[in-house]
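It should be emphasised that the depicted structure is a prediction, and the values quoted were computed from it without experimental measurement. Below, chain A is the first sequence line, B the second, and so on; all start at residue 1.
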Amino acid sequence: MAEVAPQPVKAPSGDAPLAAPPSGDAPVAEPHRGFFPPWLVTIGRAVISIPLRFFSEIGMLAGLLGQAVFWGIRPPYRFSLLLAAFEFVGVQSLFIVGLTGLFIGMVFGIQLVDGFRQFGAENQAGPVVGMALTRELAPVFASLMVSARAGSAMSTELGSMRVTDQIDALTTMAVNPVQYLVVPRIIAGAVMVPLLTMLFNLIGIFGAWLVCVQILGLDPGVFTENVKWIVDAKDVTQGLIKAVVFGFTVTLIACRHGFYAKGGAAGVGQATTSAVVQSAVAILVLDYLITSIITGQGGL
Amino acid sequence: MSAASEASAAAAQAAAAEAEKDPIHLRVRDLRKSYGEHEILKGVTFDVLRGLNNVIIGASGSGKTVMVRQLIRLEKPNAGQIIVDGQDITSLSDVDLVPARRKFGMVFQMSALFDSMDVYDNVAFLLREHTKLRERDIREKVMARLKALGVEHAAHKMPAELSGGMKKRVAVARALALEPKILIYDEPTTGLDPITSRTVDDLIEQTRETYGVTSIIISHDMASVFRVGHHITYLYKGTIEASGTPEEFLASESVRVHEFLEASGVSKDLMREGRVDAPISAA
């Protein structure tokens, strides 16, 4: 019998008080001993914590991305999981992305015709809608919709798997969870969001045509020719480049929050909220950066 | 003799042959794990005996769960060795760990069944991932395993539709799918009623006997510990306080062992007599 020599254990005495008895006096505040006043320390800590949290978040995303690349290029390649992720991110987002595109195009059409009429340029509404949609609105709104629908669901699903040990179970079964859960989702985001963006473009321009031509009475030939004349492949490409980056980023952020969720149901809820908020912020910031780089304007 | 019982006999023979070579299946040496400045495992050393039910007990917060996470390398220890069949798995990379982990099966405290899959797919999961068996052969194996564990009728139910005891059975069936050498149970009876706990204990012993696995059972349910345990290791605040057979454990002079036994509410006399089902107050 292997046995470690027992250490004397102090038995709790029934007489011994567990804490100092209350004196009845008001607690005496401890004198401040630091160089800086406490309020300055509190503010300083709060200010410092913002960049610390930012860099910590970037580090976690980079770490997960590194693992995803490492495991993504290794067999086994699970095509059925990839197809399921395509279906989840892409097919199941068709309706909401299409609906958003239709109404964005319609509203934008009304606003532009109303604005351009003031100086007799309402026929330019079509091309401006087309350019705005292809370059900006379609990738941004399609990504936001995917983030709200698929990203939040991914974060919740992975978070639930984490807090119920299902991700650990995968690991114990010699199945790498990043390879199994994260890689297909990130690929699906990068592939399906551009396709959804194209759908958004088409339905958005159709919505604008519907309002401008069918309701507000613009000439259909002029509307169509102006769109074809102004909107070119470069505009569409710019939007698609953004869509690839946004789709990839949205799914990476969703997976990161779900994959590392902790703290039970509340932790899963927090992970989902953080994933959606961070995705939205990331889309807007990246949109500016990419636009600035592609156009050579905006300071980058 | 059926195919399942032939396989069981072969597995039992293989386990017996290996046991003759080295009765110690897994060696843990000076294992240390800290989170920040908080040291949880403070140099843990113990052996896991081949083909037996090895129980690791300890109070909540003693480091049992942390230790089991190191054993299967869900986490990397700060120092020490975990030697399985002569191979130190603490130094393996994530890629090299994949084959090493196939020696283990694990039954989680809350079963951790994949809730997006039905029972059949949960058990078939490992066979689809790690073998090239045809779907027909997978079906045969899965149904045989489910039948052996008495849950074949639930094959197409979702985990949310199962009771706690059934979930445990399915979790055992899933863990056994690739016929691992070592099966780890993390607090298998926690949260279960006494009758279901008894059923789970029977399941652990039946699984060991049938499949010849080495079981590592993490528990603080003393009735269950003395019902199934062949070798008991007591973890106290990150160190091993005592280790031995149930008889040796009961005869321990350690004050902490005595305190733990008394606090568990199970009479030592009853345990010595092998009547450990009832807490002392109900005896």
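Contacts between Asp94(B) and chain A at a heavy-atom distance below 4.5 Å involve backbone atoms as well as side-chain atoms. Only the backbone of Leu113(B) comes within less than 4.5 Å of a heavy atom of chain A; no side-chain atom from C-beta onward does.
Note: Glu129(B) leads Met110(B), Met106(B), Glu129(B) in heavy-atom pairs under 4.5 Å with chain A. The residue among Leu170(A), Ile167(A), Thr164(A) with the most heavy atom pairs within less than 4.5 Å of chain B is Leu170(A). Among Arg74(A), Glu157(A), Arg78(A), the residue with the largest count of heavy-atom pairs under 4.5 Å with chain B is Arg78(A). The candidate with the highest count of non-hydrogen atom pairs below 4.5 Å against chain A, out of Val95(B), Ile184(B), Leu178(B), is Val95(B).
Listed for the Gln166(A) side chain is a donor-acceptor partner under 3.5 Å among the backbone atoms of Asp115(B).
The environment of NZ in Lys76(B) is crowded: more than 12 heavy-atom neighbours from other residues, nucleotides or ligands sit within 6.0 Å. Shown here is Lys141(B), whose NZ atom has no more than 12 heavy atoms of other residues, nucleotides or ligands within 6.0 Å. The environment of CZ in Phe54(A) is sparse: at most 12 heavy-atom neighbours from other residues, nucleotides or ligands sit within 6.0 Å. Atom CZ of Phe95(A) has 12 or fewer neighbouring heavy atoms from other residues, nucleotides or ligands inside a 6.0 Å radius.
Summarising the geometry of Arg174(B) relative to Ala169(A), their closest heavy-atom pair is NH2-CB, 3.8 Å, with the distance given to 0.1 Å. Heavy-atom minimum distance, Arg101(B) versus Thr171(A): CD-O, 3.0 Å. The shortest non-hydrogen separation linking His130(B) to Met173(A) is NE2-O, 2.7 Å. In terms of heavy atoms, Leu74(B) sits closest to Asp168(A) at CD2-O, 3.7 Å.
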- Message: Evaluate Thr172(A) against Phe108(B) for side chain to side chain contact (heavy atoms under 4.5 Å, CB included), listing each step before the verdict.
- Response: CA-CA 10 Å; Thr172(A) 63; Phe108(B) 285 82; 3.9 Å; yes
- Message: Run Val175(A) and Phe125(B) through side chain to side chain contact (heavy atoms under 4.5 Å, CB included) and show every step you take.
- Response: CA-CA 10 Å; Val175(A) 174; Phe125(B) 180 81; 4.0 Å; yes
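For residues 145-153 of chain A, a heavy-atom distance under 4.5 Å to chain B picks out no residue at all.
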